[in-house]
Every structure is written in C-alpha cells, then in structure tokens.
Student: 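Attaching a single structure in structure tokens format; questions to follow.
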Protein chains: 2
Amino acid sequence: MATESVTDAGRNPRERYRAQVRDEVKRHAWEQIATAGVSALSLNAIAKEMGMSGPALYRYFAGRDELITALIRDAYRSLADTVRAAHEAGTTVVALAAVIREWALSDPQRYLLIYGTPVPGYHAPDDITAISDEILAVLLEVCGGSPDEQPRSPFDVVLGLNRGWAGALPASSPTVHRALSFWTRLQGVLSLELAGHLTPLGFDPGLLLAEEVADL
Amino acid sequence: MATESVTDAGRNPRERYRAQVRDEVKRHAWEQIATAGVSALSLNAIAKEMGMSGPALYRYFAGRDELITALIRDAYRSLADTVRAAHEAGTTVVALAAVIREWALSDPQRYLLIYGTPVPGYHAPDDITAISDEILAVLLEVCGGSPDEQPRSPFDVVLGLNRGWAGALPASSPTVHRALSFWTRLQGVLSLELAGHLTPLGFDPGLLLAEEVADL
DNA sequence: TCATCGCAGTTAGAGGCTCTAACTACAGCT
DNA sequence: AGCTGTAGTTAGAGCCTCTAACTGCGATGA
C-alpha cells in the first residue's frame, strides 16, 4: 500500500517516529472506514486502539479533516500507481478497465472516498489534483490513436475548439473523447456496482464494463 | 416536491398534525443536506430551528437513521415521478438523460443520497427497492426495440441465459443491454460531474452525456 | 557531560451530537 | 366533564472534536 510519506527516509529519529505513528494512525483509519464508512471515522477511537488517550493524535494530524485529506491523497496515489504500472506493462483499454475495477473492488470505501459523495464545500489541495491529472494523462496515452485523427462527432469539434485541460498534451480530439468516454463509463459501472445497485440485477458487472469500454 | 406522506389526507387532526410536522422536519433536513451534506445532518439542530428542544423530534422519527431513510424514499419517489412523467410525455433516450441530469443538478445532494457513497451495512427497505425497480422498468420501456430482436454481443447472450431481474418483463436481451448501458453511462457522467471532477476539464458534461446515450 | 529546550503524551473541560428516561400539561374522545 | 394518550419538557449518559495547561522524557548544543 502506497503511503504519502516515504516512511523510513526521515533523517533524525524524531521524524522517523512521527512518520511511523502517522502511518499507524492511517492504517487504523482505513480499517474503520472499510467497516463503517468515513462518517464513522473517529480520532478518539483510533487513539484508544493505539493505547493512547484522545487528544494525543492532534500532535500528528491537525484534526479529523486533515487525516481524511491524507487518506484521500494516499488513495489517489495508490490508484495513480496502479494505472501507471498497467500502462507501462502495455495494456489495452479493456484490460486497464479491469485493473481499475479490481483496484476498486479490493477496497470499495477507498474508491468511494475519491469518487463518492463529496462534502459540498470541500476543495482538494493542489498536490491532490495533480495526482488526478496524472491519472488522466495516462488515460489519454492509453486512448491515443493516430496523431492527425480528424473529429468525428459534434462533441469532438467542441473539444477541438476548447481544449480546456490537456491543452499542453498532444492528443487529438477523438483521443480526448475516447478518454472521457472510457472514464465516465468506467465510473458509471463502478459507482453503481460498489453502491450495490447492480447486485439485485444478477449479472456480472465485469462483463458489462468490458463491452462498454471495448467500443469507444 | 413529492413527499412520501399524503400530508392532508390524515383523518383525525392528530394525524394531520403529525404529518405536517414530519414534513417540516424533512424540509429543514433537506436544507441542511444541501448546504453541508448528509453527514452534517443533525436532529438537534433541526429541532432548534423549529423552536423545539432536542428530543421532541423523536416523537416523529425513531432516530437519525429513520429520518435519512425517509429522505431517501422521498428522493427515489421524486426521481421515479420525474422519469415516469418524461416517459408518458413520450421521450427519447437522449431527452430522458437530459431530464434526469436536470433533476440531479437541481439538488446534487439529493441525487448523491441515492447514488453516492453508501454506508457499508445499509440495506434499503423493500418499499424503496420497489421504487428503484419502477425506475428501471421505465428505462426498459424507453430502450425497447422490436420484441424479437436477436442477441448481438456476448453480453447479450449472457443476459439471455440469466435474465435475473426483469425476468417477468417482456424485454429482449439487446433491450436490457441498452437499458443497462444507458443507466451506467448516465451515472458515470453524473457522478463525476456532481462530484466536481469534470469541472476543471472545461467542457459541457451535457454534451458528452447526449453523445454517450445517443449511440447505445 | 550536563543543562536546556522541544516535543510526546497526559488530564480537564467546553460544547456538540444521539438517544433514553421520567415528568408535565394539554387536546381529543367518550 | 373526566379520562387518556400524546406532544413537549428537562436531566443525563455516553459518544464525539478540539483547546488549554501541564508533565516528563530524550535529543541536542555548550
């Protein structure tokens, strides 16, 4: 499991210890989240589990929100690493979708922490949005076709006029379109599957996902 | 706004009053949810806003969870009514997608209460899953083609072998497949858009959604 | 080597929450 | 007109987050 802090790289023992404790706090936090959701996450409970008394944890995290932000960062990092590894191993869109699905299924609440219900006011810090961009960049590469591909649909044309994000990246409009379709179709299947809305329908969501991303 | 209880139908004044208060509680609850998310929903705060003291609300809702369940029910009911109305007015899949998107955008947290992060243990009561089925049934009708349509893809075949849900409904495998694709693509665009993950990309999600559901 | 200083961890406590228990007082029914 | 059930009250237990003030250990510099 990738963690934000390169734990054992702290020079002085103080920093090493701090990083260790932070990691242990996060481990307990993930456990709580996996079993009862993020709303049940309690600094107090974590402190007790670690054999300390309540406010001690505030030495390590400014508050509940900062802990959650750290968890979100780790989740993004883990997903980005997974996606990048798959890409570097040379993957198809279908295989990539399957890899991401497995990543999500291995810890649904971790996926939902990123792509589930956001708190209305919340705005992620820049270093986190950077990781998100990193993921999208890989998507563009995986969905890339011939560089001089012409627009094929009205939406392609719109994407061509206003390249918004990905302005710098060398991707044709259809490539951007494919990446967007890939991403939204993937999220569609996953968010419904993880929320349990597909279970009663009695089919394998993996099959649906494979076909959804096969014809972009 | 459709509410579960047909407020003014209570026969004796006691029941009428109860229904009125329940509705007022729910109105305040929706306000809180819209501004700060469901995790910030507080019975205590609602009671104060209504000029009563804390525990009074427990006469009307057995607890926080029951209130939330009632809100979920109302949200499903509202969506089902919206979908049904569009269908009865004769709608295309593209138009239906736009209608549902508008419904979601008009109150993002209401959409997210249904399709956002679920609490791990939560299981919706039967009357709520019935509303969900109602929505899916309309989807099948909107996506229906000729009744003797033949399977076109491996997933169609799988759907044909194991009709799971919709066993009773007269829908061909490709119809079921189209409904499923429609539903997952819609959820994909909406969940990303409402969580704010599409905003930085700088394009109109409505356009993407229209093309996504245009070619099923 | 020893004094110092900073940081980990403590308890106390304010203020919020959910929810239960026991009580009061009023409104509707017979 | 009296009875009864129910809406509302306060008190309080037990959670939570987070602040403040204090203690005591361990790393670091003279």
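Below, chains carry the letters A, B, ... as their sequence lines are ordered, and counting in each starts from 1. Only a predicted model underlies this, so the values are computations on that prediction, with no experimental measurement involved.
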Student: Could you go through residues 200-209 of chain B and list every donor-acceptor pair under 3.5 Å that involves a side-chain atom there, pairing it with any protein atom two or more places apart or in another chain?
Tutor:
{"from": "B:Asp204", "atom 1": "OD1", "to": "B:Gly206", "atom 2": "N", "distance (Å)": "2.8"}

Student: Test of understanding: with side-chain contact (heavy atoms from CB on, under 4.5 Å), list the residues that count as partners of B:Arg84, not counting sequence neighbours.
Tutor: B:Glu88, B:Glu134, B:Val138
Student: Holding to salt bridge (charged side-chain N to carboxylate O under 4.0 Å, His left out), I want the full list of residues that pass it with B:Glu66, two or more places apart in sequence or in another chain.
Tutor: B:Arg22
Student: Please list, chain by chain and in numerical order, all residues satisfying salt bridge (charged side-chain N to carboxylate O under 4.0 Å, His left out) with B:Asp127, sequence neighbours excluded.
Tutor: B:Arg73
Student: May I have the distance from B:Glu15 (atom CD) to C:dC29 (atom P), rounded to whole angstrom?
Tutor: 10 Å
Student: Rounded to the nearest Å, what distance is computed from the CZ atom of residue A:Phe61 to the P atom of nucleotide C:dA8?
Tutor: 13 Å
Student: Not counting sequence neighbours, which residues clear side-chain contact (heavy atoms from CB on, under 4.5 Å) with B:Ala95? List them please.
Tutor: B:Thr91, B:Thr92
Student: Backbone N or O of A:His177 within a donor-acceptor pair of the A:Ser181 side chain at under 3.5 Å?
Tutor: yes
Student: For the backbone of A:Phe155 and the side chain of B:Glu211, can you confirm whether one donor and one acceptor N or O come within less than 3.5 Å of each other?
Tutor: yes
Student: For nucleotides 24-30 of chain D, print each protein N/O atom paired with a nucleotide N/O atom at under 3.5 Å, atom names and distance only.
Tutor:
none

Student: In whole angstrom, give the distance that lies between atom CD of B:Gln32 and atom C1' of C:dC17.
Tutor: 12 Å
Student: Would you give a per-nucleotide map of nucleotides 9-22 of chain D, 5' to 3', where B means the base has a protein non-hydrogen atom under 4.0 Å away, S means only the sugar-phosphate does, and - means neither?
Tutor: BBB----SBBB---
Student: State, to the nearest 10°, the angle formed by the axis through the first five base pairs of the helix from C:dT1-D:dA30 to C:dT30-D:dA1 and the axis through its last five.
Tutor: 10°
Student: Among pairs that include at least one residue of residues 39-51 of chain B, which meet side-chain hydrogen bond (donor to acceptor under 3.5 Å, both in side chains), considering only residues two or more places apart or in two chains?
Tutor: B:His28-B:Glu49
Student: Report the distance from atom CZ of A:Arg16 to atom P of C:dC7, rounded to the nearest whole Å.
Tutor: 19 Å
Student: Please state how far atom CD in A:Gln20 lies from atom P in C:dG9, giving the value in whole angstrom units.
Tutor: 12 Å
Student: Once salt bridge (charged side-chain N to carboxylate O under 4.0 Å, His left out) is applied, do any residues pair with B:Arg14, and if so which ones, sequence neighbours excluded?
Tutor: none
Student: Strictly by salt bridge (Lys or Arg N to Asp or Glu O under 4.0 Å), give each pair with a member in residues 186-200 of chain A just once, sequence neighbours left out.
Tutor: A:Arg101-A:Glu193
Student: For residues 81-120 of chain B, pull every pair meeting ring-ring contact (aromatic ring centres under 6.0 Å, His included), keeping only residues two or more places apart or in separate chains.
Tutor: A:His197-B:Tyr115, B:Tyr111-B:Tyr115, B:Tyr115-B:Trp183
Student: Does OP1 or OP2 of C:dC26 have a side-chain N or O of B:Tyr17 closer than 4.0 Å?
Tutor: no
